[in-house]
Number of protein chains: 2
Amino acid sequence: METEETSKHATISIVAKKAGVSTTTISRYLNEKYEYMSLKTRRRIEAVIDELNYRPSNIARGLKSKKTNQIGVIVADIENPFSSMMMKGVNDVCNRRNYHMLILNTDNSQKSEEEGVLSLIDHNVDALLINPTGYSSSIYAELKNNDLPVVLIDRQIEHPFFDLVTSNNYDVTYQATAYLIKNNYSRIYFVTENIDSISTRSIRKKAVEDALREKGLDHDQCLMTIDKNNTLDIKEKLMKIKRLHGNEKIALFAVNGQILLVVLQMLHELRLSIPSEIGIYGYDDWGWGELISPGITVIQQDPYGMGIKAAELLIDRLEGKRKGKSEVFELPANLIIRGSTD
Amino acid sequence: METEETSKHATISIVAKKAGVSTTTISRYLNEKYEYMSLKTRRRIEAVIDELNYRPSNIARGLKSKKTNQIGVIVADIENPFSSMMMKGVNDVCNRRNYHMLILNTDNSQKSEEEGVLSLIDHNVDALLINPTGYSSSIYAELKNNDLPVVLIDRQIEHPFFDLVTSNNYDVTYQATAYLIKNNYSRIYFVTENIDSISTRSIRKKAVEDALREKGLDHDQCLMTIDKNNTLDIKEKLMKIKRLHGNEKIALFAVNGQILLVVLQMLHELRLSIPSEIGIYGYDDWGWGELISPGITVIQQDPYGMGIKAAELLIDRLEGKRKGKSEVFELPANLIIRGSTD
DNA sequence: CTCTTTTGTGAAAACGCTATAATATAAAAG
DNA sequence: CTTTTATATTATAGCGTTTTCACAAAAGAG
């Protein structure tokens, strides 16, 4: 029955005093440097720590040791399910390997991205996991000269300085498009938002174009830019295409899950029936693609796996378990063929 | 053209030396205490900081000032779109008010939740925003004695110590159920996962039961527990119900978006047509509920708004802009009636 | 002109740890 | 027995800030 009146938060020196040893010894205990420590001392320290409910301050540790056990995570669009699943992967690895995530959302803004990097550095994160906006930025050149480990996820940057974990975007998009072409679709439109960055977008676009070109199909005019909040323009454009090429099989390719939803919504409103009047396929349906009738043909990525891989890589770099040149890892995405492209 | 050979990271004392003032003065400048500072000194400091590209170390600041400008966020299921949207709201407020989020995912595990709280405290976060698992835990009583501001989001805990931001779960669920009953549904089953916690679940369940009871309908056996990975049992149960009560209008209520998807999938597999053979409604469709035919009747919450509100509240508490007893804020959720409950 | 007040600045201690180097004791070796 | 080696522990000096208190110079008051 101890009196706990003045039980302020315990510090290392309070513990040291109570245990009758120096703070150095406590520190060594905390860092598991048991080499030259008598079992007796060790047990004594254990007991006192337990009794006082002492937990070392990470911030003080960080100041001295230059290690915060925090990794900075910069994500381009936090409310995208793709990002959530990635982050879950990162989180799981962090838990396992005893790190914490300091997360920043950039909303696909280059400025936020640059500020975010600086800000996380100010917070002394041990490493940086970035899902870039895709805009080119000088910050990366600076980062390269820093000794802070950096791993990119999903999107590549202008100059490939760092490890990158992404999907096999080109191959699987090509494969999907080739499937449609084989299925007699002769006009395929690549639907995307009006963003002038985002490397995966251009890779996917190239894959679609290449597939079209290699089969001798029209690929010059295949880009359709969509505004999520105002689909009027694109509706008109689509109806015009239908008029001009009504005798051909037409399909839309949605560059990501959110666009896919918008496009489906639009087709719904236009009362175009899938697939008889128009085909549709795209990236990432997050589970609902199967419930719609007909089911939607999608390319399903593995964001959770990407998060895992990227975080493992990053912490390996950080802990010196991996050295050498940066690499690119492409995780396989899955083409799921359903009725929307019959 | 300065030589930058030894340009290690600038510290406050390097800046001080270069500017010909004391670190105290630099510190005052950094903290915008311009009261008794000559304009000349101020400009001089500005120039040097600029030249050296100096950025103060948050970790050192934190050690001394006990303020890290980090808020700890504990989320029960990071890959749920509901959580992502909440976190986007939190993130936006943090950006605006100059805080960072340290995010932890608990996967609805009580143990992770408790560890997470302790761990975030070790990291000296300034405040805690918690989306609880819903399991009761002694950690909250301890937290209460701490002076760390805490705000809960979505789910209440056993003893309502802290501010809570949530939806008007009871009212809107009751309203939705009443609508179905008015629409002649006489058997409504509450479908949920087998989790023995989660306060919103029980509130929603009570609302469904109350609505049934008050109309004199059967409400004792309305709970259906589902296993996401094995829907066999529940399929059998459902078919049995259909056999027994084939002459009545039957509906399922899905307690959240993920269950809603699973249930829809199941009905799809059972080839039960909606709504002629079975009605369905539930929480949170995240945009796809409209695309399915028929559209799904859903209760749409405002997780983004909840994130905003909770973060504002938390930072207000933290900065002393709000005092007094804890409150509960219920943001209105939206009942969207579509064809699945005709 | 002195005395008080206002204005502007700095010395030094502290925050809670870790790291370096030094010291004390015990055991082994010569 | 000394000397060396192995074992166990500590004193001290930071890490990069903020804070308290003291102090000097300038301005105002009597």
Side-chain angles (χ1 to χ4, degrees), chain A residues 7-46 48-49 52-70 118-119 121-126 147, chain B residues 7-46 48-49 52-70 118-119 121-126 147:
Chain A
S7 80
K8 274 286 113 189
H9 194 66
T11 69
I12 199 172
S13 54
I14 295 178
V15 173
K17 188 166 293 173
K18 186 131 191 168
V21 297
S22 72
T23 62
T24 310
T25 305
I26 306 290
S27 173
R28 278 234 296 285
Y29 172 84
L30 294 174
N31 294 288
E32 298 175 27
K33 293 173 180 166
Y34 303 136
E35 283 180 83
Y36 293 113
M37 185 179 302
S38 72
L39 201 62
K40 195 180 131 202
T41 312
R42 191 167 154 186
R43 295 287 171 246
R44 174 94 189 97
I45 293 176
E46 248 154 25
V48 174
I49 284 182
L52 296 183
N53 224 315
Y54 166 70
R55 310 199 103 220
S57 153
N58 275 298
I59 205 167
R61 296 180 109 165
L63 179 57
K64 180 67 197 182
S65 68
K66 304 290 167 217
K67 193 151 193 279
T68 53
N69 278 52
Q70 295 184 175
L118 293 177
S119 174
I121 291 176
D122 292 346
H123 276 270
N124 296 72
V125 293
D126 294 339
D147 51 0
Chain B
S7 79
K8 274 285 112 191
H9 194 66
T11 69
I12 200 173
S13 55
I14 294 178
V15 173
K17 188 167 290 174
K18 187 131 190 169
V21 296
S22 73
T23 62
T24 311
T25 304
I26 306 289
S27 173
R28 279 230 294 282
Y29 171 84
L30 294 175
N31 293 289
E32 299 176 25
K33 293 174 181 166
Y34 303 136
E35 283 180 82
Y36 296 114
M37 185 180 300
S38 72
L39 201 64
K40 194 180 133 202
T41 312
R42 189 167 155 188
R43 295 284 169 248
R44 176 91 189 99
I45 293 176
E46 247 153 26
V48 173
I49 285 181
L52 296 183
N53 225 315
Y54 166 70
R55 313 198 102 222
S57 154
N58 276 299
I59 204 165
R61 296 182 109 165
L63 179 58
K64 182 66 197 179
S65 68
K66 304 288 166 218
K67 194 155 193 278
T68 54
N69 278 51
Q70 294 184 175
L118 293 177
S119 174
I121 291 176
D122 292 346
H123 277 271
N124 295 74
V125 294
D126 295 337
D147 50 358

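The model shown is predicted, which means the values in this text are computed figures rather than measured ones. In what follows, chains are A, B, ... by sequence order, proteins preceding strands, each numbered from 1.
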Counting only side-chain nitrogens and oxygens, does [X] get under 4.0 Å of the OP1 or OP2 atom of [N]?
X     : N      : result
B/K66 : C/dG16 : yes
A/K33 : C/dA19 : yes
A/Y36 : D/dA8  : no
B/S38 : C/dG8  : no
A/S57 : C/dC15 : no
A/T23 : D/dT10 : no

If you check the [X] side chain, which of [options] turns out closest?
X     : options                : value
A/L63 : D/dT18, D/dG16, C/dG10 : D/dG16
B/I12 : D/dG16, C/dG10, D/dA8  : D/dG16
B/K64 : C/dG10, C/dC17, C/dC15 : C/dC15
A/T41 : D/dT10, D/dT9, D/dT17  : D/dT9
B/R61 : D/dT9, D/dT18, C/dG8   : D/dT18

Protein-nucleotide distance ([X], atom [atom1]; [N], atom [atom2]), rounded to Å:
X      : N      : atom1 : atom2 : answer
B/N69  : D/dT17 : CG    : C1'   : 14 Å
B/R28  : C/dG8  : CZ    : C1'   : 7 Å
B/K17  : C/dT9  : NZ    : P     : 20 Å
B/M37  : C/dT7  : CE    : P     : 15 Å
B/H9   : D/dC15 : NE2   : P     : 14 Å
A/Y29  : D/dA8  : OH    : P     : 17 Å
B/N124 : C/dG16 : CG    : P     : 9 Å
A/I14  : C/dG16 : CD1   : P     : 8 Å

Query raised in the report: Does B/A60 or B/T24 map to a spot on DNA chain C nearer the 5' end, using the closest nucleotide for each?
Result: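 This one resolves to B/T24.
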Query raised in the report: Between atom CG of A/N124 and atom CG of B/N58, what is the distance when rounded to the nearest 0.5 Å?
Result: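 Rounded to the nearest 0.5 Å, the CG-CG separation comes to 7.5 Å.
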Query raised in the report: How long is the span from the NE2 atom in A/H123 to the CD1 atom in A/I121, to the nearest 0.5 Å?
Result: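 Rounded to the nearest 0.5 Å, the NE2-CD1 separation comes to 11.5 Å.
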Select base, sugar-phosphate, or nothing to describe what [X] touches, counting heavy atoms under 4.0 Å on all strands.
X     : result
A/T11 : sugar-phosphate
B/N58 : nothing
B/Y54 : sugar-phosphate

Query raised in the report: Should we say atom NZ of B/K67 is surrounded by more than 12 heavy atoms from elsewhere, each under 6.0 Å from it?
Result: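 Counting neighbours around NZ of B/K67, more than 12 heavy atoms of other residues, nucleotides or ligands fall under 6.0 Å, so yes.
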Requested in this report: Taking all heavy atoms of B/R55 and all of B/H9, pick out the closest pair and write down the distance.
Outcome: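 What the structure gives for the nearest pair is O-NE2, 3.9 Å.
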Requested in this report: Decide side chain to side chain contact (heavy atoms under 4.5 Å, CB included) for A/I49 and A/Y29; before the verdict, give the C-alpha distance in whole Å, the side-chain angles of both, and the deciding distance to 0.1 Å.
Outcome: CA-CA 11 Å; A/I49 284 182; A/Y29 172 84; 3.6 Å; yes
Query raised in the report: For DNA chain D, whose closest nucleotide is more 5', that of B/S27 or that of A/Y34?
Result: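 Nearer the 5' end of the strand: A/Y34.
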Query - Derivation of the side chain to side chain contact (heavy atoms under 4.5 Å, CB included) call for A/T23 and A/T11 - result: CA-CA 10 Å; A/T23 62; A/T11 69; over 6 Å; no
